[in-house]
**Q** 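Before we start, here is the structure in question, set down as structure tokens.
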Amino acid sequence: MTKDKIKEVMDACYQAKRIRDMLPALPGGVTPSHIHYLDTISKLEKTEGKVKVSDISENLGLPRPSVTKTVKDMEKLGFVEKETTETDGRFVYIKTTRTGRDLVDKYVDEYFGNLSEDLGGITDEDADKMIEVVEKFYIVMSNRK
């Protein structure tokens with residue numbers, strides 16, 4: 001890839017950040033990270049049943065300490081609850097509360113469902129290619145630190 005093409009890709013990344021900034025305003029105390037975590041936890045609850053911090057960390061590709069901190073914040077806000085097993089208190093599971101599920105319903109399912117209608121001209125294959133390129137770029141940039 002030429003340096004001019006790299007610049008074009010970086011410009012597209014800047015534009016992508018601007019697109020992300022156009023997402024609907026969230027209620028007080030709710031961050032985009034909270035929505036992202038809640039969506040991930042909801043998906044894991046549906047597929048795995050019980051969700052641990054390590055599951056969230058692995059799924060999001062984030063270090064456990066930062067996931068633990070965000071989950072604690074979300075627990076204080078009432079978006080998730082922690083649950084331990086009666087047989088072994090070392091196992092802590094995270095589950096969404098009604099409030100957390102309502103946020104996912106409104107800011108993920110409804111919003112992205114409506115947005116998909118407006119993005120009908122972009123195929124899944126187009127989106128998959130974009131995701132693949134962004135992931136490759138991320139890996140390269142992460143390794144340059």
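For the single chain, residues carry numbers from 1 onward in sequence order. Keep in mind that what you see is a predicted model, and the values were worked out from it rather than measured.
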**Q** Quick one, E8 and K5 - any side-chain contact, counting heavy atoms below 4.5 Å?
**A** yes
**Q** Is it the case that over 12 heavy atoms from other parts of the model lie below 6.0 angstrom from the CD atom of E132?
**A**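 Above 12, so yes.
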**Q** With a 4.5 Å heavy-atom cut-off, do F137 and S142 have their side chains touching?
**A**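 No - every pair of side-chain heavy atoms lies 4.5 Å or more apart.
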**Q** May I ask you to decide whether D102 forms a salt bridge with K106, counting only side-chain N to carboxylate O separations under 4.0 Å?
**A**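 Between K106 and D102 there is no salt bridge, as every charged N stays at least 4.0 Å from the carboxylate O atoms.
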**Q** Do any N or O atoms from the side chain of S66 and from the backbone of L62 form a donor-acceptor pair under 3.5 angstrom?
**A** no
**Q** Can you tell me how far apart CZ (R101) and OG (S42) are? Round to the nearest 0.5 Å.
**A** 8.0 Å
**Q** Does the D55 side chain pair with the main chain of K52, one donor and one acceptor, at a distance under 3.5 Å?
**A**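 Between the backbone of K52 and the side chain of D55 there is a qualifying donor-acceptor contact (under 3.5 Å).
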**Q** T96 vs L103, test: side chain to side chain contact (heavy atoms under 4.5 Å, CB included). Steps then yes/no.
**A** CA-CA 10 Å; T96 54; L103 287 168; over 6 Å; no
**Q** Atom OH of residue position Y138 - does it have more than 12 heavy atoms of other residues, nucleotides or ligands inside 6.0 Å?
**A** no
**Q** Can you tell me which residue among I41, I94, V30 is in a side-chain contact (heavy atoms from CB on, under 4.5 Å) with M74?
**A**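 When I41, I94, V30 are each tested with M74, the side-chain contact (heavy atoms from CB on, under 4.5 Å) holds only for I41.
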**Q** Does K82 come within less than 4.0 Å of E75, counting only side-chain N to carboxylate O?
**A** yes
**Q** Should R98 and D105 count as an ion pair when the cut-off is N to O under 4.0 Å?
**A**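 Yes, this pair counts.
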**Q** Are the side chain of S116 and the backbone N or O of G113 linked by a donor-acceptor pair below 3.5 Å?
**A** yes
**Q** Can you tell me which residue pairs pass the ring-ring contact (aromatic ring centres under 6.0 Å, His included) test with a partner in residues 72-94, sequence neighbours excluded?
**A**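 For residues 72-94: H34-F79.
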**Q** Is D21 atom CG crowded by more than 12 heavy atoms from other residues, nucleotides or ligands, each under 6.0 Å away?
**A**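 Yes, enclosed.
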**Q** Is it the case that the side chains of D126 and T123 hold a donor-acceptor pair, with the cut-off being a distance below 3.5 Å and no angle test?
**A**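 Looking only at side-chain atoms, D126 and T123 do form a donor-acceptor pair, the distance falling under 3.5 Å.
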**Q** If only atom types and distance count, is the side chain of T97 paired as donor or acceptor with the main-chain N or O of G78 below 3.5 Å?
**A** yes
**Q** With heavy-atom distances below 4.5 Å as the criterion, would you say the side chains of P32 and L23 are in contact?
**A** no
**Q** Give the minimum heavy-atom separation between I35 and V108, together with the two atoms involved.
**A**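 Minimum heavy-atom separation between I35 and V108: CG2-CG2, 3.6 Å.
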**Q** Any side-chain heavy atom of V9 within less than 4.5 Å of one from M1?
**A**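 They are in contact (side-chain heavy atoms under 4.5 Å apart), so the answer is yes.
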**Q** Return the CG to CD distance between L38 and E45, rounded to the nearest 0.5 Å.
**A**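 Answer rounded to 0.5 Å: 9.0 Å.
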**Q** Between E83 and K50, is the closest basic N to carboxylate O distance under 4.0 Å?
**A** yes
**Q** Report the residues that fulfil side chain to side chain contact (heavy atoms under 4.5 Å, CB included) with R18, sequence neighbours left out, ordered by chain and then residue number.
**A**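 With sequence neighbours excluded, R18 shows a side chain to side chain contact (heavy atoms under 4.5 Å, CB included) to Y14, given in chain and number order.
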**Q** Excluding sequence neighbours, so at least two apart, what forms side-chain hydrogen bond (donor to acceptor under 3.5 Å, both in side chains) with K72?
**A** none
**Q** I'd like to know if the side chain of S57 and the backbone of V53 have a donor-acceptor N/O pair within less than 3.5 Å.
**A** no
